[in-house]
Amino acid sequence: MSKAKFGVVVFPGSNCDHDAYNTLKHILNQDTEFLWHKESSIGNRNVIIVPGGFSYGDYLRCGAIARFSPIMKDVVRHASSGGVVIGICNGFQILCESGLLPGALIRNQSLKFVCKNVTLNIENKNTIFTSSYNGNENVMPGKMVVPVAHGDGNYICDSDTLKSLNDNSQVVFRYEENPNGAIDNIAGIINKQGNVLGMMPHPERASESLVGGSDGRYLFESVINSLN
């Protein structure tokens with residue numbers, strides 16, 4: 001398997017950056033480096049991970065401050081030119097705040113933090129993020145079991161946006177049992193161009209059997225394969 005060049009953005013308050021780094025660097029053996037949020041360029045990285053956590057303490061609104069970090073300008077440029085970007089949990093919130101993905105994430109319907117494994121239905125198997133799940137004997141057909149850990153994972157959007165997401169096959173993952181009240185059970189979406197993914201569950205926390213499951217690693221393998 002050839003190496004991709006991954007960059008993992010680190011904001012003040014990120015707490016899943018090392019999980020992503022470990023999966024990419026040590027489990028999948030990819031060229032991976034951290035990118036401090038104050039940097040102005042992503043350098044020669046061709047896949048950017050915007051990780052989970054509590055950027056800037058989630059003050060004001062989740063992801064609303066992080067979107068103004070200097071590096072985000074180059075992340076937006078990278079995405080706009082077709083580069084791959086993956087936002088996970090707080091990263092999903094940041095990508096919505098940045099305008100790279102439609103909609104927004106608000107408080108869970110229960111108003112409680114949820115932390116547990118969930119089953120996702122893979123709604124679109126023909127993306128650069130899901131192709132390795134096709135016929136994979138290591139996972140349940142059409143499904144992925146990964147953890148969620150969030151208090152603001154309730155995805156919302158207006159009716160026109162929801163119709164557009166469904167009409168364009170941009171809904172990639174749906175919860176089998178909705179943990180947060182997200183509209184239409186949406187757990188993850190891509191942009192219209194298909195190169196930007198945002199999802200609330202954590203594939204990087206389920207990438208080796210040592211931590212209880214490896215369904216998440218195939219998402220990253222899908223991206224790596226797409227670049228070869």
Participant: Determine the minimum heavy-atom distance between G53 and N15, stating which atoms define it.
Facilitator: CA-OD1, 3.1 Å
Participant: Which atoms form the tightest heavy-atom contact between L105 and C96, and what is the distance?
Facilitator: CD2-SG, 3.8 Å
Participant: Do I106 and I189 sit in one hydrophobic cluster, given that two such residues count as connected whenever their side-chain heavy atoms are within less than 4.5 Å of each other, even indirectly?
Facilitator: no
Participant: Determine whether the side chains of N154 and N180 contain a donor N or O and an acceptor N or O closer than 3.5 Å.
Facilitator: no
Participant: Determine the minimum heavy-atom distance between S132 and E221, stating which atoms define it.
Facilitator: OG-C, 3.8 Å
Participant: Is it true that M199 and I156 fall in one hydrophobic cluster, defined by side-chain heavy atoms closer than 4.5 Å?
Facilitator: no
Participant: Answer with yes or no whether the side chains of Y218 and N138 bring together a donor and an acceptor at under 3.5 Å.
Facilitator: yes
Participant: Take T32 and V8 through the test side-chain contact (heavy atoms from CB on, under 4.5 Å) and record every step on the way to the result.
Facilitator: CA-CA 7 Å; T32 308; V8 180; 4.0 Å; yes
Participant: Write down the atom of N191, the atom of L101, and the distance for their closest heavy-atom approach.
Facilitator: N-CD2, 3.5 Å
Participant: Run the salt-bridge test on E208 and R217 with the 4.0 Å N-O cut-off and return the result as yes or no.
Facilitator: no
Participant: Out of curiosity, does V172 fall in the hydrophobic cluster containing M140 (side-chain heavy atoms, cut-off under 4.5 Å, transitive links)?
Facilitator: no
Participant: Where is the tightest heavy-atom contact between C157 and G103, given as atom of each residue plus distance?
Facilitator: CB-CA, 4.1 Å
Participant: Strictly by modelled atom types, are N195 and Q193 linked by a side-chain donor-acceptor pair under 3.5 Å?
Facilitator: no
Participant: V76 and V85: same hydrophobic cluster, using ILVMFWY side-chain contacts below 4.5 Å?
Facilitator: yes
Participant: Out of curiosity, F6 CZ to T23 OG1, how far, rounded to the nearest 0.5 Å?
Facilitator: 10.5 Å
Participant: Between R61 and E97, is there a salt bridge with N-O shorter than 4.0 Å?
Facilitator: yes
Participant: Is it the case that T161 and S164 place a side-chain donor and acceptor less than 3.5 Å from each other?
Facilitator: no
Participant: Could you tell me if the side chain of V139 sits less than 4.5 Å from the side chain of M144, heavy atoms only?
Facilitator: no
Participant: Treating Ile, Leu, Val, Met, Phe, Trp and Tyr as nodes and any side-chain heavy-atom pair under 4.5 angstrom as an edge, say whether I224 and L227 lie in one connected cluster.
Facilitator: yes
Participant: Would a 4.5 Å heavy-atom cut-off, applied to side chains only, mark W36 and F11 as touching?
Facilitator: no
Participant: Nearest 0.5 angstrom please: Q170 CD to I186 CD1, how far?
Facilitator: 10.0 Å
Participant: Can you see whether D74 engages S40 through a side-chain donor-acceptor pair at a distance of less than 3.5 angstrom?
Facilitator: no
Participant: Just jot down the side-chain contact (heavy atoms from CB on, under 4.5 Å) partners of F113, sequence neighbours excluded, or say none.
Facilitator: F54, C115, A149
Participant: Between T119, L120, V118, which is the residue that forms a side chain to side chain contact (heavy atoms under 4.5 Å, CB included) with V145?
Facilitator: T119
Participant: Could you check whether the rings of H18 and F34 sit parallel, tilted or perpendicular, using 30° and 60° as the cut-offs?
Facilitator: tilted
Participant: Tell me, do K116 and P147 make a side-chain contact under 4.5 Å, heavy atoms counted?
Facilitator: no
Participant: Quick one, N166 with V171, criterion side-chain contact (heavy atoms from CB on, under 4.5 Å). Give me CA distance, side-chain angles, the key distance, then yes/no.
Facilitator: CA-CA 6 Å; N166 284 315; V171 178; 3.7 Å; yes
Participant: Report the C-alpha distance between D160 and K163 in whole Å, list the side-chain angles of each, state the deciding distance to 0.1 Å, and finish with yes or no for salt bridge (charged side-chain N to carboxylate O under 4.0 Å, His left out).
Facilitator: CA-CA 5 Å; D160 288 343; K163 183 178 186 306; over 6 Å; no
Participant: Do you know the tightest heavy-atom contact between R45 and D31?
Facilitator: NH1-OD1, 3.0 Å
Participant: Roughly how far, to the nearest 0.5 Å, is CD1 of I49 from CD1 of I88?
Facilitator: 5.5 Å
Participant: Calculate, to the nearest 0.5 Å, the distance between atoms CG and CG belonging to L165 and D184 respectively.
Facilitator: 9.0 Å
Participant: Kindly indicate whether the side chain of V84, heavy atoms from C-beta on, has any atom under 4.5 Å from the side chain of N46.
Facilitator: no
Participant: So for atom NZ, which belongs to K112, do other residues, nucleotides or ligands contribute more than 12 heavy atoms lying within a distance under 6.0 Å?
Facilitator: no
Participant: Considering only heavy atoms from C-beta outward, does the side chain of S207 approach that of S214 to under 4.5 Å?
Facilitator: no
Participant: So which of I190, N126, N124 actually passes side chain to side chain contact (heavy atoms under 4.5 Å, CB included) with S169?
Facilitator: N124
Participant: Compute whether any side-chain donor of one residue and acceptor of the other, for N90 and S55, lie under 3.5 angstrom apart.
Facilitator: yes
Participant: Using ring pair (Phe, Tyr, Trp, His ring centres under 6.0 Å) as the criterion, list what pairs up with H37, not counting sequence neighbours.
Facilitator: Y56
